[in-house]
Amino acid sequence: MKSRKVLALAAATALSLGVFPHFTNAVSDRDIQEKRDAINNIRSKQSAVQEKINDANQEIQKLQSKQKELSEEIKKLDLAVEETSGKIRNLSADIQQTEQDIETLKREIAEVQARIEKRNEILKERVRSLQESGGVISYLEVLLGAQSFSDFIDRMSAVTTIFEADKQIIREQQADKALKEKKEKELTDKLNSLQANLKELEQLKQTLNEQMKQKNQLMAHLKQQEQEHHDKKMALAEEQELLRKQEAAMKYQLQQLMEKKRAEEEAKRRAAARHTYSSGNESAPSESENSSGGSSSRDTSNVPPVTSGAFMKPANGPITSGFGYRSFDGGEFHAGIDIGKTAAVVPVVAAADGYVFRSYLSSSYGNVIFITHVINGQVYTTVYAHLDARLVGEGQTVRKGQVIGYMGNTGHSTGPHLHFELHRGAWNPAKSNAVNPLDYIN
């Protein structure tokens with residue numbers, strides 16, 4: 001009876017180990033403390049992320065305030081541009097009226113010019129007559145040829161009339177020429193003034209439009225900065241959620257460690273009390289029974305075989321991109337490996353026994369699964385990204401080789417493949433813990 005109790009206790013201890021089958025050795029206080037330290041480290045990171053989120057919120061508020069100030073300036077510029085445009089329209093109308101006045105003046109000038117030319121012909125005729133008759137001497141002959149004093153008076157009056165007619169023609173000629181010059185100069189000056197004002201206002205409008213362009217560019221820049229801060233905030237929120245899930249996973253693992261240690265201590269205490277401790281025959285079921293990865297219950301078509309070693313290849317297919325810096329995309333660091341898709345349906349399996357602490361649709365990773373593992377006391381994290389579908393959820397324990405999803409092309413992906421990451425420790429956005437998976441896969 002006592003022997004059966006001891007066996008039952010040993011079996012319970014073995015079952016507690018089955019949740020995390022890697023703990024083959026007895027749990028030490030150091031193991032528990034390391035797990036607690038890891039939890040505190042994650043909490044510290046969460047606090048740092050929250051501070052970054054607060055900073056991002058403050059930056060967004062500052063940018064929004066600047067945008068509000070710029071909006072008021074742009075409204076003032078809009079009014080100035082509208083006023084300038086109105087002046088330009090008025091000046092354009094004045095110029096159009098002036099152009100019509102010039103056309104009218106051209107017709108009037110043409111009439112005056114016709115009169116001037118007609119007078120010119122009369123004056124030319126008078127000059128020819130004077131030349132043919134001897135000029136002034138002819139007039140004297142007319143006067144001296146008078147037969148009487150009254151005839152002299154009549155002849156004098158006639159000559160005076162002729163002189164006055166000639167002088168009137170000349171005065172009218174001069175007046176028409178002066179009128180023509182005056183009107184031409186007046187309208188030319190007015191047109192030049194209006195054109196100068198129009199040019200000045202057009203330059204002013206161009207200046208205001210340049211200012212508007214600069215303000216709009218600045219506003220677009222501020223909006224871009226705001227969007228970048230929003231994106232950063234979203235990324236930080238995603239990181240914060242990931243850290244929260246990691247903390248929960250660590251707490252779960254810590255609980256399993258503590259329960260295992262309590263079970264070990266209880267088994268030792270009872271065994272010592274009954275003096276029935278045995279070192280070989282009363283052990284838990286063989287570890288090999290727990291490391292099969294549940295292969296009997298999963299679909300084995302196109303599923304990679306479970307291999308020895310800490311980790312196995314998570315999917316069948318060629319390695320299309322390795323770990324490290326890549327030259328084709330500007331030297332970006334590739335924190336994992338890419339496995340190409342060579343079949344219509346390619347299952348993805350867990351690379352090792354572990355605990356799913358994050359399973360969701362990410363904007364960058366697409367459908368992604370994060371699994372934490374504890375192997376020989378060391379914490380590892382594996383990431384399976386761009387999945388077409390996820391078959392496991394958060395809080396679920398998985399076994400090595402268990403199908404957890406299917407290869408796809410979701411998120412920031414240029415083609416169907418599996419992006420697989422392995423981190424020695426917890427995952428972080430900087431991916432400073434990332435290691436080359438090929439160094440760990442048999």
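It should be emphasised that the depicted structure is a prediction, and the values quoted were computed from it without experimental measurement.
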Enquirer: Between Tyr360 and Val368, does a side-chain contact (heavy atoms from CB on, under 4.5 Å) hold up when you go through it step by step?
Expert: CA-CA 6 Å; Tyr360 73 116; Val368 61; 3.6 Å; yes

Enquirer: Would you name the heavy atoms of Ala434 and Phe323 that are closest together and state the gap between them?
Expert: O-CZ, 3.8 Å

Enquirer: Test your reading of the model: is there a side-chain donor-acceptor pair from Gln396 to the backbone of Gly393, 3.5 Å cut-off?
Expert: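 Checking the backbone N and O of Gly393 against the side chain of Gln396, a donor-acceptor pair under 3.5 Å is found.
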
Enquirer: Would you please name every residue forming a side chain to side chain donor-acceptor pair (under 3.5 Å) with Asn367, sequence neighbours left out?
Expert: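 Testing Asn367 for side chain to side chain donor-acceptor pair (under 3.5 Å), a comparison that skips the adjacent residues, returns Arg390.
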
Enquirer: May I ask you to decide if Ser359's main-chain N or O and Glu394's side chain share a donor-acceptor pair within less than 3.5 Å?
Expert: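 Indeed, once roles are kept as given, a pair shorter than 3.5 Å links the two residues.
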
Enquirer: Hey, could you give me the NE2/NE2 distance between His412 and His419, rounded to the nearest 0.5 Å?
Expert: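 The NE2 atom of His419 is 13.0 Å from NE2 of His412, to the nearest 0.5 Å.
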
Enquirer: Can you sort out the partners of Phe311 under ring-ring contact (aromatic ring centres under 6.0 Å, His included), two or more places apart, ordered by chain and number?
Expert: His373, Tyr380

Enquirer: side-chain contact (heavy atoms from CB on, under 4.5 Å) between Val349 and Val303: does it pass, once the steps are laid out?
Expert: CA-CA 8 Å; Val349 302; Val303 175; 3.6 Å; yes

Enquirer: Assess, by modelled atom type and distance only, whether the side chains of His334 and Glu332 contain a donor and an acceptor separated by less than 3.5 Å.
Expert: no

Enquirer: Answer yes or no: is there a side-chain heavy-atom contact under 4.5 Å between Val383 and His423?
Expert: yes

Enquirer: So do Val348 and Val403 actually touch side chain to side chain, heavy atoms under 4.5 Å?
Expert: no

Enquirer: Provide the closest heavy-atom pair for Ala315 versus Pro347 in the form atom of the first, atom of the second, distance.
Expert: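 That would be CB-O, 3.7 Å.
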
Enquirer: For a side-chain contact (heavy atoms from CB on, under 4.5 Å) check, start with the C-alpha distance between Trp427 and Asn433, then their side-chain angles and the critical distance, and finish with the verdict.
Expert: CA-CA 7 Å; Trp427 182 92; Asn433 293 332; over 6 Å; no

Enquirer: Should Gln195 and Lys199 count as side-chain neighbours, where that means a heavy-atom distance under 4.5 Å?
Expert: no

Enquirer: With the side chain counted from C-beta on, respond yes when Ile369 and Leu387 share a heavy-atom pair under 4.5 Å apart, and no when they do not.
Expert: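 With C-beta onward as the side chain, the pair touches.
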
Enquirer: Evaluate the side-chain proximity of Gln402 to Val392: yes if any heavy-atom separation is below 4.5 Å, no if none is.
Expert: yes

Enquirer: Which distance, rounded to the nearest 0.5 Å, do you find between the OG1 of Thr104 and the CD of Gln97?
Expert: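 One gets 8.0 Å once the value is rounded to the nearest 0.5 Å.
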
Enquirer: If only atom types and distance count, is the side chain of Thr397 paired as donor or acceptor with the main-chain N or O of Tyr355 below 3.5 Å?
Expert: no

Enquirer: Which distance, rounded to the nearest 0.5 Å, do you find between the CD1 of Ile441 and the CG of Leu422?
Expert: 7.5 Å

Enquirer: Output all residues satisfying side chain to side chain donor-acceptor pair (under 3.5 Å) with Asn442, sequence neighbours left out; order by chain, then residue number.
Expert: Ser308

Enquirer: So, the side chain of Ser432 versus the backbone of Asn428: is there a donor-acceptor pair under 3.5 Å, distance only?
Expert: no

Enquirer: How close do Asn302 and Asn316 get, counting heavy atoms only, and between which atoms?
Expert: O-ND2, 3.3 Å

Enquirer: Can you tell me if Lys341 uses its side chain to pair, donor with acceptor, with the backbone of Ala344 under 3.5 Å?
Expert: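 Checking the backbone N and O of Ala344 against the side chain of Lys341, a donor-acceptor pair under 3.5 Å is found.
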
Enquirer: My understanding is that only residues two or more places apart in sequence, or in another chain, count here; which of them pass salt bridge (Lys or Arg N to Asp or Glu O under 4.0 Å) with Asp189?
Expert: Lys185

Enquirer: Determine whether a donor-acceptor pair (N or O, by modelled atom type, separation under 3.5 Å) exists between the side chain of Ser321 and the backbone of Asp338.
Expert: no

Enquirer: Quick one: side chain to side chain donor-acceptor pair (under 3.5 Å) partners of Asn192, sequence neighbours excluded?
Expert: none

Enquirer: Can you check whether Met312 reaches Pro304 side chain to side chain, under 4.5 Å on heavy atoms?
Expert: yes

Enquirer: Treating Lys400 as the side-chain partner and Thr307 as the backbone partner, does any N or O pair qualify as donor plus acceptor under 3.5 Å?
Expert: yes

Enquirer: May I have the step-by-step check of side-chain contact (heavy atoms from CB on, under 4.5 Å) for His386 and Leu418, ending in yes or no?
Expert: CA-CA 6 Å; His386 309 311; Leu418 170 68; over 6 Å; no

Enquirer: Do the side chains of Ile404 and Ile371 get nearer than 4.5 Å, heavy atoms only?
Expert: yes

Enquirer: If you measure from OG1 on Thr414 to CG on Asn409, what distance do you get to the nearest 0.5 Å?
Expert: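 Thr414 OG1 to Asn409 CG: 7.5 Å, rounded to 0.5 Å.
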
Enquirer: If we only count heavy atoms from C-beta on, is the Val435 to Tyr440 side-chain gap below 4.5 Å?
Expert: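 Counting from C-beta outward, Val435 and Tyr440 do come under 4.5 Å.
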
Enquirer: If we ignore hydrogens and angles and just use 3.5 Å, is the side chain of Thr410 paired with the main-chain N or O of Asp388 as donor and acceptor?
Expert: no

Enquirer: What class does the angle between the rings of Phe420 and Tyr384 fall in, given that below 30° is parallel, 30 to 60° is tilted and above 60° is perpendicular?
Expert: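 The arrangement is tilted - the two ring planes meet at 30° to 60°.
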
Enquirer: Residues two or more places apart in sequence or in another chain: which of them pass side chain to side chain donor-acceptor pair (under 3.5 Å) with Asn209?
Expert: none

